[in-house]
Amino acid sequence: MADRLTQLQDTVNQQAEHFCNSIGYAQLFSTLISRCAKDIDTLIESLPSEESSIELQVQSLKRLEIENQESAEKLEEVVRKGELLLEKIQAALSDIAQSQLDMQYSSSPKKQ
């Protein structure tokens with residue numbers, strides 16, 4: 001809700017700025033003012049109503065907690081797979097480096 005209130009405050013401030021600037025550019029700012037008024041209406045309508053009871057909020061929080069837990073599990077699985085892949089890449093790079101060293105050693109002139 002705080003985000004919506006912040007958005008609403010920003011939009012109201014923007015509307016006030018449009019009103020102040022509309023003195024010299026009536027056509028442009030009348031369009032901006034009407035568009036901003038629509039945004040304000042939309043934001044006000046998206047605010048939680050008084051009918052939003054504690055019970056509904058608790059249900060919503062429980063649902064969000066479940067979604068959060070599922071997302072955390074998916075993230076842990078992705079991280080685990082990423083770590084395994086990193087180990088394989090590091091092993092392959094080590095093999096490549098060792099092969100290059102072996103090739104350099106075998107191709108270098110030997111001292112007698």
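Since this is a predicted model, take the numbers as computed values, not measurements.
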At what distance, to the nearest 0.5 angstrom, does [atom1] of [X] lie from [atom2] of [Y]?
| X | Y | atom1 | atom2 | value |
| --- | --- | --- | --- | --- |
| Gln7 | Thr42 | CD | OG1 | 11.0 Å |
| Ile44 | Leu8 | CD1 | CG | 5.5 Å |
| Glu83 | Leu86 | CD | CG | 8.0 Å |
| Asp10 | Asp39 | CG | CG | 12.0 Å |
| Leu61 | Ile66 | CG | CD1 | 11.5 Å |
| Ile40 | Gln9 | CD1 | CD | 10.0 Å |

For residues 93-101, which side-chain donor-acceptor pairs fall under 3.5 Å, sequence neighbours excluded?
| from | atom 1 | to | atom 2 | distance (Å) |
| --- | --- | --- | --- | --- |
| Gln98 | NE2 | Asp102 | OD1 | 3.0 |
| Ser99 | OG | Asp95 | O | 3.0 |

Stepwise side chain to side chain donor-acceptor pair (under 3.5 Å) test for Glu73 and Gln69:
CA-CA 6 Å; Glu73 290 169 3; Gln69 182 63 34; 3.3 Å; yes
Which atom pair, heavy atoms only, marks the closest approach of Cys36 to Gln14?
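Taking Cys36 first and Gln14 second, the nearest heavy atoms are SG-OE1, 4.1 Å.
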Reference residue Arg63; test side chain to side chain contact (heavy atoms under 4.5 Å, CB included); the match among Glu67, Gln59, Glu65:
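That would be Glu67.
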Please step through salt bridge (Lys or Arg N to Asp or Glu O under 4.0 Å) for the pair Glu77 and Arg80, ending with a clear verdict.
CA-CA 5 Å; Glu77 179 65 19; Arg80 188 184 65 74; 2.6 Å; yes
Flag, side chain of Gln15 to backbone of Ile33, donor-acceptor distance under 3.5 Å
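It does hold such a pair.
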